[in-house]
S.K.: 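Starting off with a structure, shown below.
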Amino acid sequence: MSFSVGAVEATVSAALAVDSGIAGVSNARQAYESNLFDWVDEITEGGGEGGAREAVADLWLSYAKMETEKRQFKAATKVLESATACPVAAGFPKVWLAYAAFWTARGKASKAEKVYHRALGAVAAPPEARATLFEHYHAFLRGHGQPALTLEELQERWAASNEGTAAASAAATSTVAA
C-alpha cells in the first residue's frame, strides 16, 4: 500500500477543481476519509513500515487544512478531534500543535490550553516529543497572560496536577472496587 499524502492531495485538488461547492467538498472529504481508514487499518494490522505512521498524521493535518481553507470550522474541529483520537496519529506532537494553533488563531485561548494539556497526557514518548509540547505550551502561556512563567515551573505544575488526577482516579477506582 502506498502512503502518499501528495497523491491524496492531488485527488482532493482535482475534486475541488471540478466543483468547489458542496459536491466537490463532499468528494474531497470522501477521499481523505477513505484513505485515512485504509491507512490506519493497514498500520494497526501490522503493515505500513517506515514513514507510514507519520503519513497518517500528515494526512489528518492536510484534511483539517482543507476544511479550514473552506472556512468549515466546525468540520475542521471534528477532523482535528478525530486526529487526536486516532491510534496512529495521536502520538505525533504536530497533530496536537496544529489543533492548539487552530484554536489560538480563532481567539479561543482556553480551548487551546485544554488541547495542550490533553497533548501532554497523550504523548508520552519519545522524550523529545514531550519536550516539544512543553516548549510550545510554555510559549503559548507566556503570550497569554503568564509572561514570567518558566518552563520548569510549567513542568512542575503539570506534574503536580497530573499526580492529583492520578491519585483521585486511583481513589475512585478503589472506592468503586470496595
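Just so it is clear, the structure is predicted and the values come from calculations on it, not from any experiment.
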S.K.: Give a yes or no on whether the backbone of Pro126 and the side-chain of Arg130 come within a donor-acceptor separation of less than 3.5 Å.
M.R.: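 Flag not set: sc Arg130 to bb Pro126 has no pair under 3.5 Å.
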S.K.: Is there a side chain to side chain contact (heavy atoms under 4.5 Å, CB included) between Leu16 and Met66 once you walk through the steps?
M.R.: CA-CA 10 Å; Leu16 293 173; Met66 186 269 305; 4.1 Å; yes
S.K.: Quick check: closest heavy atoms across Ala98 and Leu61, and the distance to 0.1 Å?
M.R.: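 Smallest heavy-atom distance, with atoms named: CB-CD2, 3.5 Å.
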S.K.: Determine, stepwise, if the pair Tyr137 / Leu151 fulfils side chain to side chain contact (heavy atoms under 4.5 Å, CB included).
M.R.: CA-CA 9 Å; Tyr137 188 21; Leu151 182 58; over 6 Å; no
S.K.: Is it the case that one hydrophobic cluster holds both Leu120 and Val123, taking links as side-chain heavy atoms less than 4.5 Å apart, direct or via other members?
M.R.: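 Per the 4.5 Å side-chain linkage, Leu120 and Val123 are co-clustered.
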S.K.: Is the number of heavy atoms from other residues, nucleotides or ligands within 6.0 Å of NZ (Lys94) greater than 12?
M.R.: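 Yes.
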S.K.: Just checking, is any N or O donor in the side chain of Tyr99 or Thr84 under 3.5 Å from an acceptor N or O on the other one?
M.R.: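 Side chains of Tyr99 and Thr84: no pair found under 3.5 Å.
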S.K.: Hydrophobic cluster membership, with links at side-chain heavy-atom distances under 4.5 Å among I/L/V/M/F/W/Y: are Ile43 and Leu36 in one?
M.R.: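 Yes, Ile43 and Leu36 fall within the same hydrophobic cluster.
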S.K.: Which heavy-atom pair separates His138 from Leu149 by the least distance, and what is that distance?
M.R.: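 Closest heavy-atom pair between His138 and Leu149: NE2-O, 2.7 Å.
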S.K.: State whether Trp103 and Lys108 meet the cation-pi test: NZ (Lys) or CZ (Arg) under 6.0 Å from the six-membered ring centroid, and within 45° of the perpendicular axis.
M.R.: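 Pair Lys108/Trp103 does not count as cation-pi.
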S.K.: Once ring pair (Phe, Tyr, Trp, His ring centres under 6.0 Å) is applied, do any residues pair with Phe140, and if so which ones, sequence neighbours excluded?
M.R.: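 Ring pair (Phe, Tyr, Trp, His ring centres under 6.0 Å) list for Phe140, sorted by chain: Tyr116, His144.
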S.K.: Between Ser26 and Ile22, is there a donor-acceptor pair closer than 3.5 Å when you use the side chain of the first and the backbone of the second?
M.R.: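 Looks like no, no N/O pair under 3.5 Å.
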S.K.: Has the side chain of Ser82 got a donor or acceptor atom that lies under 3.5 Å from a matching backbone atom of Lys78?
M.R.: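 Yes, because the side chain of Ser82 sits within donor-acceptor range (under 3.5 Å) of the backbone of Lys78.
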S.K.: Can you tell me how far NZ of Lys65 sits from CD of Glu69, rounded to the nearest 0.5 angstrom?
M.R.: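 Spacing of CD (Glu69) from NZ (Lys65) equals 5.0 Å.
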S.K.: Can you hop from Val79 to Val56 via hydrophobic side chains spaced under 4.5 Å?
M.R.: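 Yes, same cluster.
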S.K.: Taking NE2 in His136 as the centre, count heavy atoms belonging to other residues, nucleotides or ligands within less than 6.0 Å. Is the count above 12?
M.R.: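 Open: at most 12 neighbouring heavy atoms sit under 6.0 Å from NE2 of His136.
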S.K.: When you group the ILVMFWY residues by side-chain heavy-atom contacts below 4.5 Å and let the links chain together, are Leu80 and Val8 in the same group?
M.R.: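 Each belongs to a different hydrophobic cluster.
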S.K.: Honestly curious: do Tyr63 and Leu97 fall in one hydrophobic cluster under the side-chain, below-4.5 Å linking rule?
M.R.: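 Looking at the clustering, Leu97 is in a separate group from Tyr63.
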S.K.: Taking the six-membered ring of Phe73, is the NZ or CZ of Arg71 close enough (under 6.0 Å from the centre) and on axis enough (within 45°)?
M.R.: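 Geometry flag: not set, cation outside 6.0 Å or 45°.
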S.K.: Answer yes or no: is there a side-chain heavy-atom contact under 4.5 Å between Val40 and Cys86?
M.R.: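 Val40 vs Cys86: side chains touch.
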S.K.: How close do Ala112 and Ala100 get, counting heavy atoms only, and between which atoms?
M.R.: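 Answer, listing the atom of Ala112 first, then Ala100: CB-O, 3.5 Å.
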S.K.: How far does CZ of Phe92 sit from CH2 of Trp60, to the nearest 0.5 angstrom?
M.R.: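 One finds 14.0 Å between CZ of Phe92 and CH2 of Trp60.
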S.K.: Heavy atoms, side chains only, cut-off 4.5 Å: are Thr44 and Trp39 in contact?
M.R.: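 No, side chains not in contact.
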S.K.: Write down the atom of Ala15, the atom of Ala28, and the distance for their closest heavy-atom approach.
M.R.: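 Taking every non-hydrogen atom into account, CB-N, 4.2 Å.
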S.K.: Do Thr68 and Arg106 come close enough that some side-chain heavy atom pair is under 4.5 Å?
M.R.: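 Yes, their side chains come closer than 4.5 Å.
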S.K.: Search all heavy atoms of Gly145 against all heavy atoms of Pro147 and return the closest pair with its distance.
M.R.: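 That closest heavy-atom pairing would be C-CD, 3.3 Å.
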S.K.: Looking at Ala90 and Trp96, what are the two nearest heavy atoms and their distance?
M.R.: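 Looks like O-NE1, 2.7 Å.
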S.K.: Applying side chain to side chain contact (heavy atoms under 4.5 Å, CB included) to Glu9 and Tyr32, what does each step give before you reach the verdict?
M.R.: CA-CA 8 Å; Glu9 289 174 336; Tyr32 278 117; 4.1 Å; yes
S.K.: First locate atom CG of Asn162, then atom CZ of Arg157, and finally report the distance between them rounded to the nearest 0.5 Å.
M.R.: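 Asn162 CG to Arg157 CZ: 15.0 Å, rounded to 0.5 Å.
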S.K.: Taking Glu67 for the side chain and Ala64 for the main chain, is one N or O donor matched with an acceptor at less than 3.5 Å?
M.R.: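 Looks like no, no N/O pair under 3.5 Å.
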S.K.: Check whether any side-chain heavy atom of Gln72 sits under 4.5 Å from a side-chain heavy atom of Arg29, and report yes or no.
M.R.: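 Touching, per the 4.5 Å side-chain cut-off.
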S.K.: Kindly determine whether Thr77 and Phe102 satisfy side chain to side chain contact (heavy atoms under 4.5 Å, CB included), including the steps that lead there.
M.R.: CA-CA 8 Å; Thr77 301; Phe102 171 82; 3.3 Å; yes
S.K.: With a 3.5 Å distance limit and no angle check, can you tell me whether Asn35 reaches the backbone of Ala31 through a side-chain donor-acceptor pair?
M.R.: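 Checking the backbone N and O of Ala31 against the side chain of Asn35, a donor-acceptor pair under 3.5 Å is found.
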